[in-house]
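Inspection log for the structure reproduced underneath, given as structure tokens.
A quick note: this is a predicted structure, and the numbers were derived from the prediction, not measured. Order of the sequence lines sets the chain letters (A, B, ...), proteins ahead of strands, with each chain counted from 1.
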There are 2 protein chains.
Amino acid sequence: MALSGRTVERLSVYRRLLVMQGQSGEESVYSHQLAEMVSGTAAQVRRDLMEVGVTGHSKRGYRVANLIEGISKVLDDPAGTRIVLVGAGDLGRAALGFIKGRNAALRIVGAFDNDPSKIGRVIHGYRCASIDELERVIAAEQVEVAIITTPAGVAQPVCDRLVAAGVRGIVNFAPTPLQVPEGVWVERVDIATALEKVTCLTRSV
Amino acid sequence: MALSGRTVERLSVYRRLLVMQGQSGEESVYSHQLAEMVSGTAAQVRRDLMEVGVTGHSKRGYRVANLIEGISKVLDDPAGTRIVLVGAGDLGRAALGFIKGRNAALRIVGAFDNDPSKIGRVIHGYRCASIDELERVIAAEQVEVAIITTPAGVAQPVCDRLVAAGVRGIVNFAPTPLQVPEGVWVERVDIATALEKVTCLTRSV
DNA sequence: GGTCTGCTGTGAACGATATCACAGGTATAC
DNA sequence: GTATACCTGTGATATCGTTCACAGCAGACC
């Protein structure tokens, strides 16, 4: 199945909201309720859910448990995804905090830095290792996805090492576009751009 | 002029690359060179530049200085944009580091937290103030844009306060969609979603 | 000067995404 | 049981964004 990027993003958000909400008792949810939570339209929500194959019930909406299960089946690798993070600065720490305990299918198996003062420190429960260990860990743990939270200057060489070692998906927080060969997926998260976008578009509303 | 969000994002990246590159001497640049840097197409680059009104020169490409000026004229508010940041955790610190010194048109005029142990600390040159000061600073400095780097639980109430105080653009790093009234622009930067997107889409390449 | 090369600017075609609108179905009220 | 209200699933349609393809132009070369 070829889910679009946009759909995957929304599914991720739906699931997170449903899991949070899950504790608060509701058994089922209508498309228009989900739509309101994400400031979207009900039709959009129904389309997205259609694509993952979960099916609702007229007059009673969707069963929450069903939704979470169905979305997870599409988003998560049943075998789990092993992830490394490179760059244990503020941003790296923040990213580790975000991931920790949020999704059992995502397993951080290594955090790396080249700064000797950081190596050995434990961040959100993960021990920071020397960047020299990178290739060994990727091979040993069959890591498929990496998070780059290094300064811009070293992002590309780090990326090259990751790809050479077998990584196929990268989340890039560095403010530089990365060059990667065919078959490697890069997701850019660009903080500086996000800010400039807001300052620009706010003025034209 | 009604620039699309996508276009604005790319313009921001072009400018950053050009400014970096600027030091290294090149006077002019071809659309296909910019395209290669961002892994895009030359036609796309030319369209984007067309929209900002800068004009190139057949056979000699675009003058770098011209481009930077033209893009800045579109992206930046000539009066400067005053910005506050709420939530001085890892992510807040990281965001401040990203912004600092990168764009003179973006001025952080306040960083806030509710944790007494953080108040008074200086982060990347910005003093963290009590959240109680929020409304006063926004009014005094005519702040238009805010960055939310708080935990999910307090993002919405913080957002409500920001909007009530007059903020019209928000960059939201919290893993929760925000509800805002008409006329307020929210840009979501969702770390958890980015990761899930990569893990999902990497498998289907 | 004439020809050749190669880059820009842009109308037109295409492709991806989001929305509309309605048929079909099920609980609820009476 | 019948009428009613209201929610889902989805074909059709509209909107938005990207790519194609080529006219027009300017420098380089002979």
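For B:R136, the salt bridge (charged side-chain N to carboxylate O under 4.0 Å, His left out) test picks out B:E133, with sequence neighbours left out.
Distance CD (B:E51) to P (C:dG11): 12 Å, rounded to an integer number of Å. Here the P atom of nucleotide C:dT26 and the OH atom of A:Y62 are 15 Å apart, to the nearest Å. Separating the CG atom of B:D48 from the C1' atom of C:dG9 is a distance of 13 Å, rounded to the nearest angstrom. Taking atom CZ of B:R46 as the reference point, atom P of C:dT8 lies 6 Å away to the nearest angstrom. Across the protein-nucleic acid pair, B:Y30 atom OH and C:dG6 atom P stand 11 Å apart, rounded to whole Å. Regarding B:E36, its CD atom lies at a distance of 16 Å from the C1' atom of C:dC7, rounded to whole Å.
Within the 4.5 Å cutoff, side-chain heavy atoms of B:V109 are placed close to those of B:V143.
Here A:D48 does not pair with A:R6 in a salt bridge; the nearest charged N to carboxylate O distance is not below 4.0 Å. Salt-bridge check for A:E135 with A:R161: passed, with a basic side-chain N closer than 4.0 Å to an acidic carboxylate O. Using a cut-off of 4.0 Å between Lys/Arg side-chain N and Asp/Glu carboxylate O, B:R203 and A:E144 are scored as not salt-bridged. A salt bridge links A:K197 to B:E9: one of the charged nitrogens lies within less than 4.0 Å of a carboxylate oxygen.
Judged by distance alone with a 3.5 Å cut-off, no donor-acceptor contact links the side chain of B:R47 to the base of C:dT10.
An OP1 or OP2 oxygen of C:dG9 is reached within less than 4.0 angstrom by no side-chain nitrogen or oxygen of B:H57.
Between A:R60 and B:G56, the residue whose closest nucleotide on DNA chain C is further toward the 5' end is B:G56. Two residues, A:K59 and A:M50, neighbour DNA chain D, and the one matched to the more 5' nucleotide by heavy-atom proximity is A:K59.
Interface limits on DNA chain D: the 5'-most and 3'-most nucleotides within less than 4.0 Å of chain A heavy atoms are D:dA5 to D:dA12.
Figure legend: A:K100 and A:Y126 shown as a cation-pi pair, the cationic atom lying under 6.0 angstrom from the six-membered ring centre and within 45 degrees of its axis. With a 6.0 Å cutoff to the six-membered ring centre and a 45° limit on the axis angle, A:K59 does not count as a cation-pi contact of A:Y30.
Of the candidate nucleotides C:dG9, C:dA27, C:dG24, C:dG24 has the atom lying nearest to any side-chain atom of A:S58.
If you check residues 4-11 of chain B against DNA chain D, the residues with a heavy atom closer than 4.0 Å are B:S4, B:R6, B:R10, listed by number.
The number of heavy-atom neighbours closer than 6.0 Å to CD of A:E36, taken from other residues, nucleotides and ligands shown, is 12 or below.
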